[in-house]
Structures are given as structure tokens and as C-alpha cells.
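A quick write-up on the structure given underneath.
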Amino acid sequence: MDEPIGVMLANVDKLIHEPARLAILAILYVTDGADFLYLGKHAGLTKGNLSSHLAKLEDANYIVIEKTFEGKIPRTLCRMTEAGRTAFDAYLSQMKGALNLLTA
Amino acid sequence: MNDHIQELRKKTQRYFYDDGVVELGTGTVFALTGLVYLVVPLIPRHLGWVIGIGLPVLILLATFGTRRIISALKERVVYPRTGYIRYKVEPSRSRWLVIAGGLALAVLGFILPEEFAKVGLAISVLLALILVVMGARVSLNRLYVIAGIVLLAGLGITVAGVEEWRGAALVLIVAGLGLIASGINALVAYLRDNPIEKE
């Protein structure tokens, strides 16, 4: 018997399912990294809010915050890890399944 | 779900063009190349090697220099206002489409009547194709408008019977000025909508 939709939704990754973190991860999913200013503006978050959510994602090893140089220019970039990418793919798959059930 | 991810991908790609800096740089290269083309008919025949070697070198230098200027402008003007993203390097089908378009034009130039082999018209068609492909790729509608203007310029130059080098020069100058005007318009709007936030 197919999983009930309530169970499907209860089993989604709660860390990703939060709207602000979902926005952050969606941006990082389609890029090779973004700085805090871009993430804050395009995810619609204040600095404090953004820092808090980034810390949770970093603790879960879904993202990594790197200080790098591009030529002589220093950059602090947030980048999705492989674990984060796998978790996000799984989340997309679960949500797609749930939405298909809802619209069937 | 995949559609939403594709839309987000397009949006991040469009971010590179939102501020108009790339159009300004590209338009400048086109316009300068067109101005150089205007000088070509004035060069004596026995100095033809100057065109053969000098022109590609000049275009390469202008392109390289413009890329440096675009990067510097982005660092000073754009990234402090709306942030920086590092793009994924992905294979692009549109690049192959443009190359195929260029090859097709080259073949047409050999097999079709001379009217179609006019350099100015060929360049206007190729430029319009590039602009349309770019516009579709990043959903930037203003590039379609410039493509239309460039195509009209190519047709007008062909109908007016402007000779080859001069025709090519005029098309490049029209394309360049169109991109510069569009770039300035976009940059002014971007600066107005995105002031630097005070700490």
C-alpha cells in the first residue's frame, strides 16, 4: 500500500523543509557558491537570520563556508557539500511524490 | 519541481546580466571593432597583411581588455550592492547553435546568389542569432529588441547597397551602440534600485 501523504510529509528532512533554509539551499543547489550578501538579498533574510540558518546547515554538513581567494580578491563563500546535495535531491524527490499524490 | 529548479537556474544566470555591465562592455567591443572596420578600406593594398594580422589581434586585445574591465566594474559596483555568486561551469548547447549558425552562413555565402553573401547582412544575422539565443537562455527580453534592431540595420544596409567592409562596420556600430544604450539603461535602473547599505 502506498505511503499516506501525511506520513510522506512527516518524513521530509525538517532541516531543509524550513522556508528560509529551503531558499538558501535552492540558491546554492544551482550555483557553485554564493556570498552572504547574495544569499541574504535573494532569500529575503536579515543578517542575523541568515547567520543562524547557515550555522544550522553547516552543523549538519549540508553547506561549507569557505574563505578563498580569486586572484587577489578575498571571498567568503557558502557552498553546498555533496551530503547537502544528496539530501536536497532526496527532499525534492519526496516533495515531488507528495505533490503528485495531492494533484492526482 | 524540476521546472522550479530550472527557473531558479535561469534567474541566477540572469543575475550576471541584470546590471547592464556586460552589455556595456560587449557593446563597446562591437562599436570599436566597427570603427576599425571603417578604416580598413583606407589601408593601401600592399599593406593588406596589416589587416590580416592586426585585426584579429586587435579584436582579441579588445575582448580581453573588456573582460578585465567588466570584472573590475562588477567588483566595485555590483558585488558590494547585491552580492557575488560563483557559477557552475556547464556545457552549453547554445554555443554549438551559434557556431552552427556561423558555419551555415559561411556555406550560404558560397552557394547562394551574391545578394545573400553581403558581409554586413551575414554579420547582422549572426549577431541577431547570438542575441536571441542569449535572451532565451537567461530570459532577458531587451536582447530580443536589440536583435531586431541589428537585423533591421543589416537589411537596410543591404538594400541601400553599402559596400562590404563599410556595411559590416555599420552593423557592428549599430549593434554596439544598441548594447551600450541598453547597458546604460539597465545600470542606471540597477544603481537606483540597489543602493549600498550602510553598516
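The chains referred to below are lettered A, B, ... by the order of the sequence lines, with proteins before strands, and numbering in each begins at 1.
Under the 4.5 Å side-chain contact rule for hydrophobic residues, A/Tyr91 and A/Tyr62 share a cluster. Note on B/Leu143: it clusters hydrophobically with B/Tyr190, by side-chain heavy-atom contacts below 4.5 Å among ILVMFWY residues. The hydrophobic clustering, which links ILVMFWY residues whose side-chain heavy atoms are closer than 4.5 Å, places B/Leu179 and B/Leu127 together. Hydrophobic clustering of Ile, Leu, Val, Met, Phe, Trp and Tyr side chains at less than 4.5 Å, counting indirect connections, unites B/Met134 with B/Leu187. By the rule that hydrophobic residues join a cluster once side-chain heavy atoms approach within less than 4.5 Å of another member, B/Val132 and B/Val145 end up as members of separate clusters.
Heavy atoms closer than 4.5 Å to chain A are found in the backbone of B/Tyr87, but not in its side chain. Proximity to chain B (any heavy atom under 4.5 Å) is restricted, for A/Thr68, to the side chain, taken from C-beta onward. Contact annotation for A/Phe36: neither backbone nor side-chain heavy atoms come within less than 4.5 Å of a heavy atom of chain B. For chain B, no part of A/Leu28 is nearby; none of its heavy atoms comes within less than 4.5 Å.
Counting heavy atoms of neighbouring residues, nucleotides and ligands inside a 6.0 Å radius, atom CZ of B/Arg14 exceeds 12 of them. Counting non-hydrogen atoms of other residues, nucleotides and ligands closer than 6.0 Å to NZ of A/Lys14 gives a total above 12.
No donor-acceptor distance shorter than 3.5 angstrom exists from the side chain of A/Asp35 to the backbone of B/Gly83, with no hydrogens or angles considered.
Heavy atoms only, all atoms of each residue included: B/Arg81 and A/Lys41 are closest at O-CE, 2.8 Å.
For the atom pair NZ of B/Lys11 and CD1 of A/Ile27, the computed distance is 7.5 Å after rounding to the nearest 0.5 Å. Atom NE2 of residue A/His42 and atom OG1 of residue B/Thr12 lie 9.0 Å apart, to the nearest 0.5 angstrom.
Side-chain contact between A/Val30 and B/Lys88: absent, with no pair of heavy atoms (C-beta onward) separated by less than 4.5 Å. With contacts defined as side-chain heavy-atom distances shorter than 4.5 Å, the pair B/Tyr15/A/Tyr38 qualifies. For the pair A/Leu37/B/Tyr79, no side-chain contact is recorded, criterion being any heavy-atom separation below 4.5 Å from C-beta on.
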Practice prompt. Quick one: do A/Leu77 and B/Tyr84 satisfy side chain to side chain contact (heavy atoms under 4.5 Å, CB included)? Show the steps, please.
Written response: CA-CA 9 Å; A/Leu77 287 184; B/Tyr84 170 84; 3.6 Å; yes

Item to complete: Any chance you could lay out the side chain to side chain contact (heavy atoms under 4.5 Å, CB included) test for B/Arg86 and A/Thr31, step after step, and finish with the verdict?
Response: CA-CA 6 Å; B/Arg86 186 190 290 157; A/Thr31 64; over 6 Å; no

